[in-house]
Amino acid sequence: TRAHLTLHPAFRVGAVDRRLFGGFVEHLGRHIYDGIHEPGHPTAGPDGFRRDVVELVRELGVTTIRYPGGNFVSNHRWEDGVGPAGERPRRLDLAWHSTETNRVGLHEFQQWLDLVGGELMLAVNLGTRGVPEALDLLEYTNVPSGTTRSDQRRANGREEPFGVTMWCLGNEMDGPWQVGHRSADDYGKLASQVAKAMRLVDNRLQFVVCGSSGRNMPTFGAWERTVLEHTYDDVEYISCHAYYQETDGDLGSFLASGVDMAAFIEEVVATADHVRAVKRSGKRIQISFDEWNVWYFTRWNAQEGTFDIGDWPVAPRLLEDVYTVADAVTVGGLLITLLNHADRVTSASLAQLVNVIAPIMTEPGGPAWRQTTFFPFSLTSRAARGTALAVTIDAGTVTTKRYGEVPAVAAAATVDDGGTVHLFLQNRDTTGPATVTVDLTGFPELSSATATGIWDDDPYAANTLTEPDRVTPRPNDTASISGNIVTITLPQVSWTRITLA
Ligand code: AHR
């Protein structure tokens, strides 16, 4: 197939917010325990955090990190995770049918964030809790001193406030699986009260209200409208969550998952702007796409229902998907969709980070390694700065079962302050390569093209404990620039980044 693209500095989507490259760390399975925290591991520091994992997280290039859940947060008491580590309660984690030891809590997690260089985005529990506990937590994290909670923080070893500005008002409250699941009306009223009260403590805060946990939820659309009718003046963001997987061997539809994500974003934007019109508001709500990834959800569902009342394991192996080249190409496609909506999606979190549907895997006492999906994320996060450009694309199509005819090639581009342009390309064609030409007339100063990407003769190749470097990014030497035209051949089922300087 063929595709012709045009880039021009005047065609802009918007500024790229660095929060677009956020991650998500939930107390779930082996994410915290035996993942990022493993005292006794050869690379662990005195704090118990594995330095090999710290290095990989830094290399991945995640920015803001959402914590501590996820479904976990809806039955979580934040106080359990502060104070002397040896005295912390062990609790039932109802979301993941596990025992939460609370060995790692707020202080430890912030110490780890300081090592990896991330911004904390904190979720409050609106499943089993409400205004008083959210206010207590905020007093603990953000008030300098002189009150019970702030002095408790200082006594627990942290003189300076955590200074958290991004707050999630609960998690997936539309989902029947959520502890404390509510109707849109009930949740909207509660979220508004919590945000208003928290803002009285700290007027620097930014709030994310829960949107739908998926575009396929029966309440999708109506949920967003009702929740925003209650909270429009109180919040900055509404969340979107989406997970994709290949089902029934339908690789074509899976690779085109970005088409679904784009529709989801555009529908939430339309709904938010509708509420804006009804309210005659001058404000625009942004999207925090704070859970997105490939997740083989159906494989996990098949493991459900195998627990009994005495069986509450600590850090069981849960949701440990092994990702393939096709998964990485899909993740790359989802990143392209996020960049193409950078005007309204100004926060996002890859879900999750270590061991649990994660780009980074670890073995207790053993190595840590990069999954295939690590690469499109790190290559995009490192490069996509400055302004997202609106790429004009004239491409051949592929026919997919789920989305009908879609462009065979998806593309996004950014230009940074130094004038370097990065082009991100996905070839969704499962039958052959794509020949791409790019018109750069608007960027006459660009003279070199360097391309790197992910593809393989076997789209199901993966990195594993025994073969951790089976899949790595490779240079695409077909990229060339002549006059104002860039030419490149994209292998079938591939994701590519071209740097134009
Ligand atoms: O990321 C795994 C789970 O997916 C999260 O806990 C929840 O918010 C979502 O349903």
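Each ligand, and each atom within it, is numbered from 1 in the order the structure gives.
The pair Arg90-Glu100 does not count as a salt bridge, with every side-chain nitrogen at least 4.0 angstrom from each carboxylate oxygen.
For the pair Arg66 and Phe24, the cation-pi criterion (under 6.0 Å, within 45° of the ring axis) is fulfilled.
Each of Phe24, Glu26, Gly70, Asn71, Trp96, Asn171, Glu172, Tyr243, Glu291, Trp295, Gln352, Ile357 has a non-hydrogen atom positioned under 4.0 Å from some atom of ligand 1.
Donor-acceptor pairing under 3.5 Å is recorded for the side chains of Ser212 and Glu224.
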task: Could you give me the CA-CA distance, side-chain angles and deciding distance for Asn71 and Gln178, then say whether side-chain contact (heavy atoms from CB on, under 4.5 Å) is met?
output: CA-CA 6 Å; Asn71 296 338; Gln178 200 73 215; 2.9 Å; yes

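Only one option out of Trp167, Phe109, Phe72 pairs with Tyr67 in a ring pair (Phe, Tyr, Trp, His ring centres under 6.0 Å); it is Phe109.
When all heavy atoms of Thr63 and Arg18 are compared, the closest pair comes out as OG1-O, 2.7 Å.
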